[in-house]
Amino acid sequence: MTKGLFPTAKFQQLRTPFYYYDTELLRQTLRAIQHEAQKHEGFSVHYAVKANANPRILRIIREAGLGADCVSGGEIEASVQAGFPGSRIVYAGVGKSDWEINLGLDQDIFCFNVESIPELEVINQLAISRGKTARVAFRLNPNVGAHTHANITTGLAENKFGIDMRDMLKVIDEASHMDHIRVVGLHFHIGSQILDMGDFEALCNRVNELQDELDRHRIRLEHINVGGGLGIDYQHPNRVPIPDFKSYFDTYAKKLRLRPGQTLHFELGRAVVAQCGTLITRTLYIKEGLVKRFCIVDAGFTDLIRPALYQAYHKIENISSDEPAETYDVVGPICESTDVFAKQIDLNRSHRGDLIAIRSAGAYGEIMASQYNCRPLPKAYMSDEI
Ligand SMILES: *Cc1c(COP(=O)(O)O)cnc(C)c1O
């Protein structure tokens, strides 16, 4: 099944490792997102640029009509360069520096997602000196747990992100005394790689409670931003190449009670780009250990850090070999014992020179690459250019 999915003859001529992006799958995914989101009045989807900021990927996403969700000045610059208008850019982050805030002000971005009062004060000061009014949403900590890896859960109370939800009225009141701040919304983000719609439902219930409280104080906000976090199927990239966007958006449509005229914003990262990307690497050596067999490849955690960082699973396939499967540990060349892509997995019998595909690597892959060990950054090829 996987043979034929990749232009292996062309790959043979390229220096490995490299990222390969299936732009047709990316476009299909984007169509599915827009199709499902646009069924619901007022839904607006932003792409979380931190998942993958490859300029060609950003352009395709922009062309599909999504906005951009940025977490740094560099991401705002990358988004502007890819053609995202300031009016479709939101900017979050616990540590926004002055130049980054000024960049957001100069680009007249849609919204600053504010994570503390000291930050709000700085935004107000910088807005005063530029003669601007900053639109802000408060990022509240909904204290909703996502059933995902501890390192990627962000919505619990004890976390560097966001403002305690019990302070909602207090921070809105403080902002009302700042002339160059306009509060336009509330922002939430509960974590990543979430596949249980019950987690998003819990967030909806919390947002409803908070909005009821706002109603009691006659406060009406223009928008709610529920962040991202929809997961993908790392086990079955062929069977489930496009995430279940219908269930995702339908959950919010059913459970979250928007006020008249309110818009609902989403910030999807992984679900947009993960499945369209593959890390292609080459087998350097097969090393027979005492009890194990190692497949040593030329990619390492400098190219894809998720397995080393989160013990993340990626499906790995030998796309050169038809031979019967054998069990391998697939490891990279970096001088760290965590440089392991997978342990005890079955691969078609592998030989020096075989091409190995590490699947579902389009999100948090290329963008997290480093030059540790003085390694060159991986190149990227698009399926429609190769
Ligand atoms: C990382 C992040 C996202 C995107 O998360 P995914 O799990 O990739 O969808 C969205 N919003 C914020 C604030 C984030 O930090």
Side-chain angles (χ1 to χ4, degrees), residues 26 29-30 32-33 37 44-54 57-58 61 66-72 74-76 79 88-96 100 104 109-116 119 136-142 144-156 159-163 185-197 199-200 203 223-234 242-245 247-249 251-252 264-277 306 309-310 312 360-368:
L26 175 60
T29 306
L30 290 162
I33 291 171
S44 169
V45 183
H46 302 255
Y47 166 63
V49 173
K50 75 171 191 274
N52 187 324
N54 181 301
I57 299 273
L58 286 183
I61 294 171
L66 278 73
D69 161 42
C70 300
V71 293
S72 72
E75 287 188 1
I76 296 175
S79 302
R88 298 295 311 283
I89 294 176
V90 296
Y91 174 27
V94 287
K96 300 178 183 77
E100 294 175 306
I109 62 168
F110 176 69
C111 191
F112 289 87
N113 291 331
V114 171
E115 311 219 10
S116 69
E119 179 196 328
V136 307
F138 286 109
R139 176 170 181 175
L140 298 182
N141 212 317
V144 170
H147 300 102
T148 180
H149 191 279
N151 289 3
I152 50 177
T153 304
T154 58
L156 293 172
N159 200 297
K160 75 170 177 178
F161 299 106
I163 295 168
L186 294 179
H187 176 232
F188 305 87
H189 176 66
I190 57 173
S192 204
Q193 185 51 19
I194 298 166
L195 291 165
D196 180 351
M197 294 302 129
D199 289 339
F200 297 121
L203 174 60
H223 80 260
I224 301 292
N225 181 334
V226 288
L230 178 63
I232 64 139
D233 191 337
Y234 281 99
I242 298 180
D244 185 0
F245 294 112
S247 298
Y248 176 72
F249 290 116
T251 298
Y252 281 102
L264 185 60
H265 295 251
F266 300 86
E267 303 170 336
L268 293 173
R270 185 191 312 272
V272 182
V273 290
Q275 294 292 32
C276 78
R306 299 189 66 258
L309 194 58
Y310 316 118
S360 313
Y364 308 108
E366 185 187 355
I367 192 68
M368 291 177 102

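Bear in mind the structure is a predicted one, so any value in this text is a computation, not a measurement. First listed ligand is number 1; within each ligand, the first listed atom is number 1.
How far CG of Leu26 is from CD1 of Ile242: 10.0 Å, rounded to the nearest 0.5 Å. A distance of 11.0 Å separates OG1 of Thr251 from CG of Leu203, quoted to the nearest 0.5 Å.
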Hey, what polar pairs (N/O, under 3.5 Å) does ligand 1 make with protein?
{"unit_1": "ligand 1", "atom_1": "7 (O)", "unit_2": "Ser192", "atom_2": "OG", "d": "2.3"}
{"unit_1": "ligand 1", "atom_1": "8 (O)", "unit_2": "Arg270", "atom_2": "N", "d": "2.8"}
{"unit_1": "ligand 1", "atom_1": "8 (O)", "unit_2": "Tyr364", "atom_2": "OH", "d": "2.6"}
{"unit_1": "ligand 1", "atom_1": "9 (O)", "unit_2": "Gly229", "atom_2": "N", "d": "2.9"}
{"unit_1": "ligand 1", "atom_1": "9 (O)", "unit_2": "Gly269", "atom_2": "N", "d": "3.0"}
{"unit_1": "ligand 1", "atom_1": "11 (N)", "unit_2": "Asp69", "atom_2": "OD2", "d": "3.3"}
{"unit_1": "ligand 1", "atom_1": "11 (N)", "unit_2": "Glu267", "atom_2": "OE1", "d": "2.6"}
{"unit_1": "ligand 1", "atom_1": "15 (O)", "unit_2": "Lys50", "atom_2": "NZ", "d": "2.7"}

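Aromatic ring pairs are classed by plane angle as parallel below 30°, tilted from 30° to 60° and perpendicular above 60°; the pair Tyr91 and Phe112 is tilted.
When all heavy atoms of Arg270 and Ala363 are compared, the closest pair comes out as CA-CB, 3.7 Å.
A salt bridge links Glu119 with Lys96; the closest basic N to acidic carboxylate O contact falls under 4.0 Å.
Between Phe249 and Val45 there is a side-chain heavy-atom pair separated by less than 4.5 Å.
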